[in-house]
Each structure stands twice: as C-alpha cells, then as structure tokens.
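Every value quoted in this text rests on a predicted model; they were computed, and no experiment measured them.
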Amino acid sequence: MEPVLAESATAAAIVLFTVLVRLALHPLSRAAFRGATPVAGCLPTLLQLPVFFVMYRAFSSSEVAGEANELLGHRLFAAPLGSRWADALGEGGPFGAQGLVFLGLFAAVGVVAAWSAVRGRRAAAAAPAVPVLPVAGPRGGKAVPGKVVPGKAVPGGAKGGSRGARAGVGAGRAGVPAALSAEQQAAMRRVGGVLPLLSFGTLVTAAVVPLAAGLYLLTTTAWSVAERAWLQHRKDRAARVGGTDGTDGQVAAAGRVAG
C-alpha cells in the first residue's frame with residue numbers, strides 16, 4: 001500500500017487490521033445480537049482490549065527493544081500517528097495542518113456516534129411496552145399500578161397471590177415480559193435516554209489517545225454500528241417473510257376448510 005498511499009500507508013494498514021479483527025469476531029457479535037448468552041455480549045469488546053492496548057503502546061513508546069520506534073515517523077496526511085490532540089494544538093492550533101487531521105477524525109467519530117444514538121433511541125421506541133404491575137390500593141382494595149401500600153392485602157388473599165405469582169412465572173416462561181412497577185418503568189426510560197449518549201464518549205477517548213489508536217476506535221465503532229444495523233435488517237426481513245408466510249398459510253387453510 002505504500003507506493004499508493006505514501007506516508008499514510010501505515011494508517012490504511014491500521015484500518016485494514018481492525019476490519020480483519022472484527023471479521024474474526026463476527027460470529028461472537030451475531031451470538032451477542034441474538035442474546036445467546038450474557039457472556040457472548042461482552043466477549044467482542046473484551047477480546048479487543050489487548051489489541052487496543054498493543055496499538056496504544058506501539059504508538060506511545062519512543063523505543064522498541066532498545067531501538068528508536070520507527071512507527072512514530074509514520075503519518076496520516078500531516079499528522080504523525082503517535083501524536084495526540086494536545087500535540088496538534090501546539091503545532092499550529094486546531095486549524096493547522098495536524099489540527100485539521102484530528103478535526104476530521106473527530107467529525108467522523110461524531111457522525112458514527114450520532115448514528116448509534118439515533119438507532120438506540122429508535123430501538124427503545126420500538127420496544128414492546130411492558131405492563132405495569134397492579135397491586136392493592138388504599139381504597140376498597142382497588143389496584144393502583146406500581147404502588148405498594150403497607151398493611152393492605154392483594155385482592156384474592158394468599159391464594160390469589162399464589163395464583164398471580166404462578167401466572168407471572170408462566171408468562172415469563174412463555175416469553176411474555178414480566179410486569180414492572182411505575183417506578184421501574186420510569187427508571188428504565190431514564191436509562192434508555194442516557195445510554196444512546198454514551199457513544200459520544202468515544203470522542204473523549206479519541207482526543208487523549210494517539211492518532212493511531214483513534215483510527216482503531218473509529219473503525220471498530222463504525223463496524224459495530226453498521227454490523228448491528230445489518231443484523232437488525234436481516235432480523236426484520238426474516239420476521240416480515242415469516243409473517244407473510246404465516247398469513248398465506250392461514251388463508252390457504254381457511255380455503256380448504258371452506259371447500
């Protein structure tokens with residue numbers, strides 16, 4: 001790549017290396033998306049930590065095996081891959097040659113973070129509503145959603161409570177979401193509003209790590225968002241096809257009965 005990209009060949013190699021790492025982790029990412037196991041959701045991130053640490057050390061150390069680190073001489077356009085945002089500010093300011101490279105990196109990271117936040121909010125809005133748990137109220141045993149009144153019994157007595165508990169367990173086993181109190185639902189809404197904004201934390205990280213590590217963060221974050229969008233698209237398409245097939249099957253069965 002060096003004859004074509006000149007001094008930016010190492011930066012292109014970092015992007016290609018990151019893509020290869022994510023391709024190797026794709027089966028784990030698919031398992032995490034399906035929710036196969038709780039551990040599967042953490043493995044793609046955990047397995048990348050050693051890679052990120054090696055990338056950080058390789059472009060932070062002035063010496064490697066007692067010799068000068070030649071990687072620090074490689075650049076992305078005008079900015080050395082071992083430089084940081086603070087270094088760029090000292091070399092011409094934010095709109096200098098190096099500062100513009102970092103501003104381009106921050107803009108790309110911001111676009112990916114915004115895309116991730118929008119998708120997160122849409123997914124939260126499209127999630128099925130969880131029923132509010134009704135419990136005994138203060139007046140005449142009326143059910144008040146999400147409010148527990150001390151000293152009041154649930155209508156139906158102990159037997160009714162036992163039947164409700166058994167029904168709740170059965171619903172959970174059948175795949176129906178368990179009922180939540182109003183306070184729990186409010187807490188879930190607050191968390192759901194904050195979580196999409198955490199993707200912008202990558203901007204802070206990219207500003208304090210070497211440029212090479214920032215390139216790795218940008219590539220792996222963009223891959224994660226695009227991969228999840230693709231997996232969600234496949235899931236939605238399979239659901240639409242399954243729903244269409246099911247409807248056609250019901251229509252055909254009704255026709256056979258009528259005949």
*Where do L81 and L215 land on the side-chain contact (heavy atoms from CB on, under 4.5 Å) test, with the steps shown first?*
CA-CA 9 Å; L81 291 175; L215 275 178; 4.2 Å; yes
*Checking side-chain contact (heavy atoms from CB on, under 4.5 Å) against L105, which of L211, L76, L100 comes through?*
L211
*Could you point out which residue of L217, L23, T220 forms a side-chain contact (heavy atoms from CB on, under 4.5 Å) with T18?*
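Among L217, L23, T220, the one meeting side-chain contact (heavy atoms from CB on, under 4.5 Å) with T18 is T220.
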Answer yes or no: is there a side-chain heavy-atom contact under 4.5 Å between [X] and [Y]?
X   : Y   : answer
R75 : S83 : no
V51 : F17 : yes
P80 : Q98 : yes

*Might you work through the side-chain contact (heavy atoms from CB on, under 4.5 Å) test for L47 and L25, ending with a clear yes or no?*
CA-CA 8 Å; L47 291 177; L25 295 176; 3.6 Å; yes
Tell me if a side-chain donor or acceptor on [X] pairs with a main-chain N or O of [Y] at a distance below 3.5 Å.
X   : Y    : value
R84 : V209 : no
S8  : F77  : yes
R22 : W223 : no
E67 : E63  : no
N69 : S61  : yes

Between [X] and [Y], which heavy-atom pair has the shortest distance, and what is it?
X    : Y    : result
S116 : V225 : CB-CG2, 3.7 Å
A226 : W115 : CA-CH2, 3.7 Å
V21  : Y216 : CG1-OH, 4.2 Å
H74  : E70  : CD2-O, 3.3 Å
R119 : R228 : NH2-O, 4.0 Å
A97  : A78  : CB-CB, 3.7 Å

Is [Y] reachable from [X] through a run of hydrophobic residues whose side-chain heavy atoms are each under 4.5 Å from the next?
X    : Y    : answer
V101 : F95  : yes
Y56  : F102 : yes
V208 : V112 : yes

*asked:* Can you tell me how the ring of W85 sits relative to the ring of F106, calling it parallel under 30°, perpendicular over 60° and tilted otherwise?
replied: perpendicular
*side-chain contact (heavy atoms from CB on, under 4.5 Å) evaluation trace for V109 with T221*: CA-CA 8 Å; V109 172; T221 305; over 6 Å; no
So, taking the atom named [atom1] in [X] and the one named [atom2] in [Y], what distance separates them when rounded to the nearest 0.5 Å?
X    : Y    : atom1 : atom2 : answer
S224 : Q48  : OG    : CD    : 6.5 Å
R240 : R237 : CZ    : CZ    : 8.0 Å
I14  : T219 : CD1   : OG1   : 8.5 Å
F59  : L72  : CZ    : CG    : 7.5 Å

*Please step through side-chain contact (heavy atoms from CB on, under 4.5 Å) for the pair Q232 and F33, ending with a clear verdict.*
CA-CA 9 Å; Q232 185 64 47; F33 180 80; 3.3 Å; yes
